[in-house]
Number of protein chains: 2
Amino acid sequence: MGQQKKIPDIVIKRLPIYYRFLTNLHQMGISRVSSSDLGKKMGITSSQVRQDFFNFGSFGLQGYGYDVEQLRQEIGNILGLNKQRTMIIIGAGHLGQALARHSAFEKEGYSVIGVFDINPHLVGTKIRDIEIMHVNRISQFCKENKVDIAVITVPRTYAKDVADLVISLGIKGIWNFTSVKLSVPDNVAVENIHLSDSLMTLGYYVKLLQEKEEEEKAKEKEE
Amino acid sequence: MGQQKKIPDIVIKRLPIYYRFLTNLHQMGISRVSSSDLGKKMGITSSQVRQDFFNFGSFGLQGYGYDVEQLRQEIGNILGLNKQRTMIIIGAGHLGQALARHSAFEKEGYSVIGVFDINPHLVGTKIRDIEIMHVNRISQFCKENKVDIAVITVPRTYAKDVADLVISLGIKGIWNFTSVKLSVPDNVAVENIHLSDSLMTLGYYVKLLQEKEEEEKAKEKEE
DNA sequence: GATTATATGTTAAAGTTTTCACAGAATTGA
DNA sequence: TCAATTCTGTGAAAACTTTAACATATAATC
């Protein structure tokens, strides 16, 4: 059957946020939540919460709300968190290593099973219990192991080549930390973490706020 | 006068992307570009490009297009890249250290001037030429130095306290790498990098694609 | 057990963002 | 120099997203 109707990307982007808040509630021992409670915590309207869930079916009970643990599981299933997934990291620079050491992903079912670099000083050393291998072994590695996601943390000049390589090896997901826009066939998914973009956006708002504050100070002085 | 009319956030989010592509063009020695060329490179329509710029005025020339370097400067000015900005990093774990070592930000005018942690093994050691200081010195540091942005890379349990502290010290921008939703007064800007959220979103699409592929394979076999 | 309060699922309206369409300015080429 | 082409700026339409509204189901209370 497949997907009945295309779920908007923007809704999918919110699922992990719901999941995060539901996990918090669960850990706090709260077993029941209404769309308006959840919305308030997340900073969105209750309508949006209900509308979002409505895309997938009905998880709640009128007059009661949602069972936290059940809803969390439902969203987890939609996101595929019930299944273990594997990642390789290509580029063992500062960022690549930090990600390899970041244990939080494992809890959600994502485990790093290989790290690759071209730097001969790095190749052969270990991160946690994973040996860093030379990039020219990626191909073989992917034939011997099922790899779901490739994390690209190489310098921008190599990004395209690395992406093309992992796509040719049948990897369906790319987590791109370079500032390069990757053009991929539509049977491959890309999620970008554009750090510089995010920082510049923040810079814009900071500028705005600082200017506003100065204006206000100037005004106060006038009076 | 201040902002005439509120520019949509979604437009602001695209400005760094324009900036990035214009920098690329400039580096490739291309001095002229049309909205449709730029749009094609970026994967958006020419209409959107023109509509976005229209929010700020008119930067182009009919029948010609845009001067790459001039447009780049205009967008840089809107983003405030003409001014130097300072950052402190709170939390010198793997991610915090990776960010401190990430030299790319400096090119865009963002420089890390302080790194803080509570781990006594880290305090006193150096990242590049910056000494890691104990968190209890943040307050003094911010009085002696103008800090524009605080980068929060502490464990999630400390996130709120750190945010409250830096807000109380007058910092107007928070770059939040924790999975905590920070509630801040509206004279403070927050940009979030939610790595887990991004990874889960990617996981959803990978699941979808893998399922689709399996379906197709099964179909092929049938025939 | 009946009544009141609560909160979902769902449709419709409002608001936002993207795309379309085109007049007219500037360039290009003959 | 003139005609043809290009391409912006801009208003309007279309598409998408969020919010509002409400019938109805369930829980809580008396």
Side-chain angles (χ1 to χ4, degrees), chain A residues 3-18 21-22 25 30-75 78 181 197 201 204, chain B residues 3-18 21-22 25 30-75 78 181 197 201 204:
Chain A
Q3 205 69 50
Q4 210 65 20
K5 219 170 94 193
K6 214 259 182 190
I7 312 285
D9 287 350
I10 201 154
V11 173
I12 301 301
K13 267 217 158 56
R14 271 193 298 266
L15 292 182
I17 310 180
Y18 289 119
F21 278 85
L22 289 166
L25 288 173
I30 295 166
S31 64
R32 170 186 169 177
V33 73
S34 69
S35 59
S36 73
D37 286 351
L38 189 54
K40 247 172 233 158
K41 277 192 191 300
M42 295 177 55
I44 61 180
T45 63
S46 61
S47 280
Q48 182 155 65
V49 173
R50 293 199 301 279
Q51 195 68 268
D52 279 351
F53 297 163
F54 182 51
N55 283 286
F56 300 98
S58 53
F59 305 140
L61 204 59
Q62 285 175 311
Y64 176 88
Y66 303 87
D67 179 273
V68 169
E69 186 49 16
Q70 185 208 321
L71 182 57
R72 182 171 163 273
Q73 293 249 346
E74 293 276 13
I75 294 175
I78 294 168
K181 180 187 162 56
D197 290 6
T201 303
Y204 171 85
Chain B
Q3 207 67 49
Q4 210 64 21
K5 219 170 92 192
K6 215 261 182 188
I7 311 287
D9 287 351
I10 200 153
V11 173
I12 301 301
K13 266 217 159 54
R14 274 195 295 267
L15 293 181
I17 311 180
Y18 289 119
F21 278 85
L22 289 166
L25 288 172
I30 295 166
S31 64
R32 170 185 169 178
V33 73
S34 69
S35 60
S36 73
D37 284 351
L38 188 54
K40 249 172 233 159
K41 278 191 193 299
M42 294 177 56
I44 60 179
T45 63
S46 61
S47 282
Q48 184 157 63
V49 174
R50 293 199 301 280
Q51 196 68 265
D52 279 351
F53 297 163
F54 183 51
N55 283 286
F56 301 97
S58 53
F59 305 140
L61 205 58
Q62 284 175 310
Y64 176 89
Y66 302 88
D67 179 274
V68 169
E69 186 49 17
Q70 185 209 320
L71 181 57
R72 183 170 163 275
Q73 294 250 346
E74 294 275 13
I75 294 175
I78 294 167
K181 179 186 162 59
D197 290 6
T201 303
Y204 171 84

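The chains referred to below are lettered A, B, ... by the order of the sequence lines, with proteins before strands, and numbering in each begins at 1. A quick note: this is a predicted structure, and the numbers were derived from the prediction, not measured.
- As a whole-Å value, the separation of B:Q70 CD from D:dT8 P is 13 Å.
- For A:R50, counting side-chain heavy atoms from C-beta on, the closest listed nucleotide (D:dG9, C:dG9, D:dT19) is C:dG9.
- Separating the CG atom of B:N55 from the P atom of D:dG11 is a distance of 12 Å, rounded to the nearest angstrom.
- Residue B:S35 is tested with B:K40, B:R50, B:Q51 for a side chain to side chain donor-acceptor pair (under 3.5 Å); the sole match is B:R50.
- To the nearest 0.5 angstrom, A:F54 atom CZ is 15.0 Å from A:Q48 atom CD.
- Heavy-atom distances to DNA chain C give each of A:D37 and B:D52 a nearest nucleotide, and the one nearer the 5′ end belongs to A:D37.
- Between C:dT6 and A:R32, no contact under 4.0 Å exists linking OP1 or OP2 to a side-chain N or O.
- A side-chain donor-acceptor contact under 3.5 Å links A:R32 to the backbone of A:Y64.
- Taken from CZ in A:F21 to CE in A:M42, the straight-line distance is 6.0 Å, to the nearest 0.5 Å.
- When the nearest nucleotides of DNA chain D are assigned to A:G63 and A:T45 by heavy-atom distance, the more 5′-ward of the two goes with A:T45.
- Residue side chain A:Q51 reaches the base of D:dT19 through a donor-acceptor N/O pair under 3.5 Å, judged by distance alone.
- With rounding to the nearest 0.5 Å, the separation of CG in B:L71 from OH in B:Y18 is 9.5 Å.
- Rounded to an integer number of Å, the gap from B:I10 CD1 to C:dT18 C1' is 9 Å.
- For A:R14 and D:dT18, the shortest distance from a side-chain N or O to OP1 or OP2 is below 4.0 Å.
- Residue contacts shown for A:Y66 are limited to sugar-phosphate atoms, with no base heavy atom under 4.0 Å away.
- With C:dT17, D:dC7, D:dT18 as the choices, the nucleotide that has an atom nearest any side-chain atom of B:Q62 turns out to be D:dC7.
- The residue A:S46 sits apart from the nucleic acid: no heavy atom pair falls under 4.0 Å.
- Across all strands, B:S47 comes closer than 4.0 Å to base atoms (heavy-atom distances).
- Here the side chain of B:F54 is nearest to one of D:dG11, D:dT17, C:dT18, namely D:dG11.
- Look at CE on B:M42: it is 16 Å from C1' on C:dT19, rounded to the nearest Å.
- Summarising the geometry, the separation between CD on A:Q48 and C1' on D:dT18 is reported as 6 Å, rounded to the nearest angstrom.
- A:S35 comes within contact range of the sugar-phosphate backbone alone, with a heavy-atom separation under 4.0 Å but no base atom that close.
- The side chain of A:S58 approaches C:dG9 more closely than any other nucleotide in the set D:dT18, C:dT17, C:dG9.
- Across the protein-nucleic acid pair, A:L61 atom CG and C:dT6 atom C1' stand 11 Å apart, rounded to whole Å.
- Between D:dT18, D:dC7, D:dT26, one nucleotide has an atom nearer to the side chain of B:S34 than all others, and that is D:dC7.
- For A:D52 (side chain) and A:V49 (main-chain N/O), no donor-acceptor pair under 3.5 Å exists by modelled atom type.
- To the nearest angstrom, P of D:dC7 lies 13 Å from CG of B:L38.
- Straight-line distance from the CG atom of A:D67 to the P atom of C:dT8: 13 Å, rounded to whole Å.
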